[in-house]
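Order of the sequence lines fixes the chain letters, A, B, ..., with proteins taken first and strands second; residue numbering starts at 1 for each chain. Computed from a prediction, not measured in an experiment: that's the story for all the values here.
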2 protein chains.
Amino acid sequence: MVSDASPAPAKQPVTLREVASLAGVSVATASKALNGQGRMTAETRERIRETAQRLGFRPNSLAQSLLRRRSFTVGLLTNDTYGRFSLPVMSGISDALVDAGVSVFLCNVEDDPRLAQLHVEAMLDKRVDGIIATGKRIDRHLPVDLANLRIPVIYAFTQPDPGAIAFVSDDSGGARLAVEHFCRLGRKRIAHVTGPASFAVVHERAQAYRDVLTEKGLPVMEPLLGSWSEAWGHEAVKKLFDGKVEKPDAVFCGNDQIARGVIDALRERGLDVPDDVGVIGFDNWQIVAEATRPPLTSVDMNLAALGREAGLTLLSLVGGEPAEPGIRKLPCRLVVRQSCGRPPDG
Amino acid sequence: MVSDASPAPAKQPVTLREVASLAGVSVATASKALNGQGRMTAETRERIRETAQRLGFRPNSLAQSLLRRRSFTVGLLTNDTYGRFSLPVMSGISDALVDAGVSVFLCNVEDDPRLAQLHVEAMLDKRVDGIIATGKRIDRHLPVDLANLRIPVIYAFTQPDPGAIAFVSDDSGGARLAVEHFCRLGRKRIAHVTGPASFAVVHERAQAYRDVLTEKGLPVMEPLLGSWSEAWGHEAVKKLFDGKVEKPDAVFCGNDQIARGVIDALRERGLDVPDDVGVIGFDNWQIVAEATRPPLTSVDMNLAALGREAGLTLLSLVGGEPAEPGIRKLPCRLVVRQSCGRPPDG
DNA sequence: CTGAAAGCGCTTACAG
DNA sequence: CTGAAAGCGCTTACAG
């Protein structure tokens, strides 16, 4: 068989003009028929609809956006594409937006101001309806200025510009959740092992830890600051237990990796978790929390819900509704597994 | 000070018409001046450029795209937003595209055919120049049909349609890398502990494992299939070592979590890694590999590079260049840490 | 009830 | 060397 010499024609999408022409009406009428606007006989409208359907007509969004001054598109700026924090946030944002028929441009800006600026300009050129900025920690700014942009901007899990709207986790509340849970379980000597002093949340959570213990009249042990790693968890156990008379019966950890290190180290020195020592982590990083022996109780920052809120708020802003500026702290929740122990009477 | 009663006017972006009018030329001339087209006095061109610059003029991409029939936008379809496999792939894709001034729509389709169809239609309506499909495993299709789309489609780390272009990891080659490395180190009894039979890569890697051992004249132990978890790693160590006379001196694991479980279990029964038993993982999940004691040698699938290739290929397709259909297997690499041991003479 | 006209913001032949 | 015109694909007053 001889192959066709002419190249396959680049199938152009069918236009409203073709629909109108085949239905024997003007493009104006066709447009109105398909959009449910204007008045015409039900019969005409139906005929146009059928024609459009038959041709597989889909309106060109570019043309519509040009006219409507609304692109049903938003930009999502992040410096944490690889990270496990921005992921659930982004996922929540997407969910909220997809339901409204809004598409999202993903822009990974790393920590490069030039790249960030480029992305913002590209998004503006493409007439996004709004921008959401998200990051890997709530005490750092993205490397770009998003103030005075002429389109709405929402910050989610990243440090906002002054006067902007931001959604962040309530770390203080999250820490309270953990420490109060230990108190309820009857633990008396609760230690805190956490990350480096350069993180604002380290201080926020440590303060909440102190506050709860003070309120309950329990001894406050100085929080141990280190890195966010398993290795630091191991090391911290040495500091807490080696040659001490008063040993902790509970450890509240700043993240799940530290908690995992603590639990492994406790097991290696023959201490039972949770019977001898209860452990609670932070982040509820499922794959780690569930692989820990025993499975790890952990504070969950509800990041997907946070992203969802951010998305919905952006949509309402784009829709012209007003919103109070300010930072909104969304509550954490405690996911109880087996590492913290059961109530004394449970 | 009395606040201004009139609301801040929604700052409309400045248009070419305003630039032209201020520069005292027609929009046609202004357009040509800014695009380096047409011929005019250097002076006129410069004056127009300055005016545009001064007003902060940026052309409306929607209008340009409508005319050019090219939106400099592509769609990225994934069913693995949360996952650690598609992340590096997506990151590599983004990098390749951003350099070319192309923006990407992120579409998370989970495993929902309706949602996927919706996303594809939205992308088509928005006139994306092409689509990249990516997933969490290379033996599963996304829940949507991307054949005959009138725009180019590339598959990256997911099962492609027949006749399409796809980039996947060379799992067989990756497994060879690991097993051959053990052989070079003088290991004689190499076991293989991997995931469930429902994954194609499990069989592909197991076959490579058998092939290498057969080539080297070493004993082949039947691969142990289980789940992709640490717990399975623990269990597998029992099966390999409990009451056996001929114990392995090396274990090649199907992923890093299994490897971590294996290493922890070996330590707990007093066996030294790597002196008594060498261990190699798969995936090179950095945060796990580095926290393992000792740090884990692992096969890296080079997913970011894979994504980059996919992005570049899509761009060339969009640019009208031809490309051979087919599945392209990209090589893995072995990242050597401490769990596999040193050469006997090393 | 339906269509011609104007227009969204830009670009590209085509005149002059 | 510069501008008027036509057009990308659509929508929305405005006529008739």
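R58(A) has its CZ atom 17 Å from the P atom of dG9(D), to the nearest Å. When the C1' atom of dC1(C) is taken as reference, atom CD1 of I48(A) falls 11 Å away, rounded to whole Å. In this structure, the CG atom of L62(A) is 13 Å from the P atom of dT11(D), given to the nearest Å. In this structure, the NZ atom of K32(B) is 14 Å from the P atom of dA5(D), given to the nearest Å. As rounded to whole Å, 8 Å separates atom P of dT11(D) from atom CG of L34(A). Regarding Q37(A), its CD atom lies at a distance of 16 Å from the C1' atom of dC1(C), rounded to whole Å. If you take CD of E46(B) and C1' of dT2(D), they are 18 Å apart, rounded to a whole angstrom. Across the protein-nucleic acid pair, Q12(B) atom CD and dG9(C) atom P stand 8 Å apart, rounded to whole Å.
Residues D112(A) and R114(A) are not paired through a salt bridge, judged by the lack of any N-O separation under 4.0 Å between the basic side chain and the carboxylate.
Checking dG3(D), dC1(D), dC8(C) against every side-chain atom of A28(B), the shortest atom distance belongs to dG3(D). Listed nucleotides: dT12(D), dC10(D), dT2(D). Nearest to the side chain of R68(A): dT12(D). Counting only heavy atoms from C-beta on, T29(A) has its side chain closest to dT2(C) among dC8(D), dT11(D), dT2(C). Candidate nucleotides dG9(D), dT2(D), dC10(C) were compared by shortest atom distance to the side chain of N60(A), and dG9(D) ranks first. Between dT11(C), dG9(C), dT11(D), one nucleotide has an atom nearer to the side chain of N35(B) than all others, and that is dT11(C). Residue R69(B) places its side chain closer to dG9(D) than to any other of dA4(C), dC8(C), dG9(D). Picking from dT12(D), dC10(C), dT2(D) the nucleotide with the shortest atom distance to the side chain of S31(A) gives dT12(D). Of all nucleotides listed (dT11(C), dC10(C), dC10(D)), dC10(D) comes nearest to the side chain of T15(A). Taking the side chain of R17(A) as heavy atoms from C-beta on, and the options dT11(D), dC8(D), dT11(C), the nearest nucleotide is dC8(D).
A close approach under 4.0 Å does not occur between any side-chain nitrogen or oxygen of T44(A) and OP1 or OP2 of dC1(C). Dashed line: the shortest gap from a side-chain N or O of T41(B) to OP1 or OP2 of dT2(D) is under 4.0 Å. In this model, the phosphate group of dT11(D) is approached by a side-chain N or O of Q64(A) to a distance below 4.0 Å at OP1 or OP2.
For DNA chain D, runs of at least 3 consecutive pairs of the Watson-Crick or G-U wobble type, with both hydrogen-bonding distances under 3.5 angstrom, map to C:1-3 with D:14-16, C:5-12 with D:5-12, C:14-16 with D:1-3.
In the model, Q12(B) has a side-chain atom that pairs as donor or acceptor with a side-chain atom of R69(A) under 3.5 Å. For the 3.5 Å distance criterion, the side chains of S103(A) and K126(B) qualify, holding a donor opposite an acceptor. The closest side-chain donor-acceptor pair between T313(B) and S316(B), if any, does not fall under 3.5 angstrom. S94(B) and S91(B) share no donor-acceptor pair across their side chains, judged by distance under 3.5 Å alone.
The aromatic rings of F157(B) and F85(B) are tilted relative to each other, their planes meeting at an angle between 30° and 60°.
The residue S65(A) sits apart from the nucleic acid: no heavy atom pair falls under 4.0 Å.
For L67(B) and V25(A), each mapped to the nucleotide of DNA chain C holding its nearest heavy atom, the one lying further toward the 5' end belongs to V25(A). Closest-nucleotide positions on DNA chain D for L66(B) and M40(B) were compared, and the one nearer the 5' end corresponds to M40(B).
Nucleotides dG9(D) and dT2(C), compared at atom P, are 26 Å apart to the nearest Å.
Between K329(B) and F167(B) there is no side-chain heavy-atom pair separated by less than 4.5 Å.
Closest non-hydrogen pair, L306(B) versus L330(B), comes out as CA-CD2, 3.6 Å.
Within a 6.0 Å sphere centred on CG of N35(B), other residues, nucleotides and ligands contribute more than 12 heavy atoms.
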